[in-house]
Amino acid sequence: MIKIIILICINAGVYKTIDYQKPANTYSPGLRTGEIVLKNPSSWILLIDDDGGDYDNPQGDTLYPDLQSYFKEALDIYYPGQYDIYEIKQNGPGPDTSILKNYEVVIWYTGECWNSAYWSTLEPQDEQNLAIYLDSLQGKLIFTSQDYFYDRYPNAGNFYPGQFPYDYLGLQYVNQDTIYPFGGIFQGVSGTVFENFSGYFSGVGVYSEGVPCWLDHILSYDAICNLKAMDSAMTDTINVGFQRNKGRYKVIYSNLGFEVISDLNIRADMIHAAIEWLKLSVEEKKFTYNEYIKFSNNRIYYSFPNQKETKIFIYDITGRIANSFSVSGKGCLYIKNTPGNYILKGQNIKIKGFIIR
């Protein structure tokens, strides 16, 4: 008996049905499952492109939209030349431990993908490789996937020991597809890596036409919820993001992919905050002011926890100091510089990148 699962949303223009047929693809007989398509000598971050879309490669897959640019432009603000890209070229496992072991931080995203009949999210072999990377190699993982659970654990519900979401993401329960908005609002949770972050998300123009953000409500047993989301009507608020520090490894998982965060500066800042949390100990984090600084267009808002004067320097992409300020307490700086990429540094401030448009 063939089981067909169909979800129909009247007048919503969405689909989620196992018998939905995506276009067929052909592959060169010698084409590997994946390969590193960007290699930098000083890389310590690995970005794994598992979104089922590869428009740059005529032999590659175009089942789903190519989301790589959303991550590259965000990483280029803070970490230019410091990351490699591993692109999964056809439906199958991603990089093994011989590749993963070379990187301090791994970022793995699956975007819109939702069923292994067309393009899998994490496969069992991927889960095993990541388990080794985290356990034995003291890895640090950022994983974003809106439909990993629908793909690999379609009957969850509860997660159990022996399953990757339970053992390594620290998750206990999922109510799948609780809301499926085309856009909405996200809010970071106080006291977590995403504290003070909020804004809008939208799958329109990011995912395939008519495809929303399928968001699950998730509960954990020892991970910390760091991100909540609601639809534009603000009728439901659900837990979509979690962080977990097991000492020997650290993980951040989000059901809301970074690709749908509309504001590039916020997207870049959140990825940066996640990476820095993975890298830094709690004690080191306490001595930085980064969480008290936000960007909006050509304005820098700061709200420091004390009145002590702090020096702030703004550098252009050539490394030249474009501006310098002495600030304290709470306020706003208006920057009149030429549009482009800039970096902010200062006393008790680790590097923050931002864009002036």
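Quick note: residue numbers are just sequence positions, from 1.
Looking at heavy atoms from C-beta onward, Asn323 lies out of side-chain contact with Ile312 at the 4.5 angstrom threshold. The side-chain heavy atoms of Asp177 and Leu215, taken from C-beta on, include no pair separated by under 4.5 Å. At least one side-chain heavy atom of Ser190 sits under 4.5 Å from a side-chain heavy atom of Glu195. Inter-residue side-chain proximity for Leu141 and Ile252 is flagged as unmet; no heavy-atom pair is nearer than 4.5 Å. Inter-residue side-chain proximity for Val260 and Phe186 is flagged as unmet; no heavy-atom pair is nearer than 4.5 Å. Between Leu100 and Ile48 there is a side-chain heavy-atom pair separated by less than 4.5 Å. Side-chain contact between Lys250 and Trp277 is present, with at least one heavy-atom pair separated by less than 4.5 Å. By the 4.5 Å heavy-atom criterion applied to side chains, Cys332 and Tyr302 are not counted as neighbours.
In terms of modelled atom types and a separation under 3.5 Å, the side chain of Glu127 and the main chain of Phe164 share no donor-acceptor contact. One N or O on the side chain of Gln176 and one on the backbone of Tyr150 form a donor-acceptor pair closer than 3.5 Å. Between the side chain of Asn341 and the backbone N or O of Ile77, no donor-acceptor pair lies under 3.5 Å. In this structure, the side chain of Glu112 does not engage the main chain of Asp51 through any donor-acceptor pair within 3.5 Å. Not a single donor-acceptor pair under 3.5 Å links the side chain of Ser254 to the backbone N or O of Gly257. Between the side chain of Asp167 and the main chain of Gly162, a donor-acceptor pair closer than 3.5 Å is present. For the pair Thr178 (side chain) and Asn175 (backbone), a donor-acceptor distance under 3.5 Å is present. Checked by atom type and distance alone, the side chain of Lys140 never pairs as donor or acceptor with a backbone atom of Lys279 at under 3.5 Å. Between the side chain of Asp126 and the main chain of Glu123, a donor-acceptor pair closer than 3.5 Å is present. With Asp216 contributing its side chain and Ile218 its backbone, the two residues share no donor-acceptor pair below 3.5 Å.
Side-chain atoms of Asn226 and Gln243 include a donor-acceptor pair closer than 3.5 Å. Counted by atom type alone, Gln125 and Asn129 present one or more donor-acceptor pairs between their side chains at under 3.5 Å. A side-chain donor from one of Asp84 and Ser43 sits under 3.5 Å from a side-chain acceptor of the other. For Asp49 and Gln68, the side-chain atoms include at least one donor-acceptor pair closer than 3.5 Å. Between the side chains of Thr110 and Thr121, no donor-acceptor pair of N or O atoms lies under 3.5 Å. Judged purely by distance below 3.5 Å, without hydrogens or angles, the side chains of Asn40 and Ser42 never pair a donor atom with an acceptor atom.
Applying the 4.5 Å side-chain rule to ILVMFWY residues, one finds that Tyr160 remains a lone member of its cluster. Hydrophobic cluster membership of Val189, counting Ile, Leu, Val, Met, Phe, Trp and Tyr whose side-chain heavy atoms lie under 4.5 Å apart directly or via other members: none, as it forms a cluster of its own.
Grouping the Ile, Leu, Val, Met, Phe, Trp and Tyr side chains by contacts below 4.5 angstrom, directly or via other members, places Val327 with Leu344. One hydrophobic cluster holds both Leu227 and Tyr180 under the rule that ILVMFWY side chains link at heavy-atom gaps under 4.5 Å. In terms of hydrophobic clustering, with Ile, Leu, Val, Met, Phe, Trp and Tyr side chains grouped at heavy-atom distances under 4.5 Å, Leu122 and Ile132 are assigned to different clusters.
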Would you sort out whether Glu259 and Tyr207 count as a side-chain hydrogen bond (donor to acceptor under 3.5 Å, both in side chains), showing the intermediate values? CA-CA 9 Å; Glu259 67 272 5; Tyr207 295 150; 2.5 Å; yes

side-chain contact (heavy atoms from CB on, under 4.5 Å) between Tyr342 and Ile355: does it pass, once the steps are laid out? CA-CA 6 Å; Tyr342 291 88; Ile355 292 177; over 6 Å; no

Please lay out, stage by stage, how Val106 and Tyr133 fare under the test side-chain contact (heavy atoms from CB on, under 4.5 Å). CA-CA 10 Å; Val106 169; Tyr133 170 71; 3.5 Å; yes

Are Ile314 and Phe325 close enough, and set up right, to give a side-chain contact (heavy atoms from CB on, under 4.5 Å), and what steps lead you there? CA-CA 9 Å; Ile314 296 174; Phe325 306 93; 3.8 Å; yes

How far apart are the C-alpha atoms of Ser198 and Gln187, what are their side-chain angles, what is the distance that settles it, and do they pass the side-chain contact (heavy atoms from CB on, under 4.5 Å) test? CA-CA 4 Å; Ser198 62; Gln187 177 71 55; 3.4 Å; yes

Checking Tyr200 against Asp263 for the side-chain hydrogen bond (donor to acceptor under 3.5 Å, both in side chains) test, could you report, in this order, the C-alpha distance in whole Å, the side-chain angles of both residues, the deciding distance, and whether it holds? CA-CA 8 Å; Tyr200 297 95; Asp263 186 295; over 6 Å; no

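Expressed to the nearest 0.5 Å, how far CZ of Phe197 lies from CE of Met270 amounts to 6.5 Å. Put simply, CZ on Phe201 and CG on Asp231 are 7.5 Å apart, with the number rounded to the nearest 0.5 Å. Rounding to the nearest 0.5 Å places CD1 of Ile356 at 6.0 Å from CD1 of Ile335. Once rounded to the nearest 0.5 Å, the distance linking NE2 of His217 with SG of Cys225 reads 8.5 Å. Atom CG of Leu67 and atom OG1 of Thr144 lie 9.0 Å apart (nearest 0.5 Å). Here Asp147 contributes atom CG and Ser120 contributes atom OG; the two are 12.5 Å apart, rounded to the nearest 0.5 Å.
With respect to Trp44, the ring pair (Phe, Tyr, Trp, His ring centres under 6.0 Å) criterion is satisfied by exactly one of Tyr103, Tyr79, Tyr83: Tyr79. Between Asp50 and the options Tyr86, Trp108, Tyr109, a side-chain hydrogen bond (donor to acceptor under 3.5 Å, both in side chains) holds for only Trp108.
In terms of heavy atoms, Leu63 sits closest to Trp119 at CD1-CE3, 3.8 Å. In plain terms, the two heavy atoms of Val174 and Ala156 that are nearest each other are CG1-CB, 3.8 Å. Scanning all heavy atoms of the two residues, the minimum distance from Ser202 to Val206 falls at O-CG2, 3.6 Å. Across Gly52 and Cys113, no two heavy atoms sit closer than the pair N-SG, 3.9 Å. Minimum heavy-atom separation, Gly170 to Ser220: O-CB, 3.2 Å. Residues Ala223 and Arg244 share a closest heavy-atom pair of CB-CB, 4.2 Å.
Two rings, from Phe159 and Tyr153, have their centers less than 6.0 Å apart.
Applying the salt bridge (Lys or Arg N to Asp or Glu O under 4.0 Å) criterion to Glu73, with sequence neighbours excluded, gives Arg267. Residues that satisfy the salt bridge (Lys or Arg N to Asp or Glu O under 4.0 Å) test with Lys336, not counting sequence neighbours, are absent from this structure. Annotation: ring-ring contact (aromatic ring centres under 6.0 Å, His included) contacts of Tyr70 (sequence neighbours excluded): none.
In summary, Lys246 and Asp135 do not engage in a salt bridge, as defined by a charged side-chain N under 4.0 Å from a carboxylate O.
Annotation: ring pair (Phe, Tyr, Trp, His ring centres under 6.0 Å) contacts involving residues 241-263, sequence neighbours excluded, comprise Phe143-Tyr253, Phe149-Tyr253, Tyr168-Tyr249.
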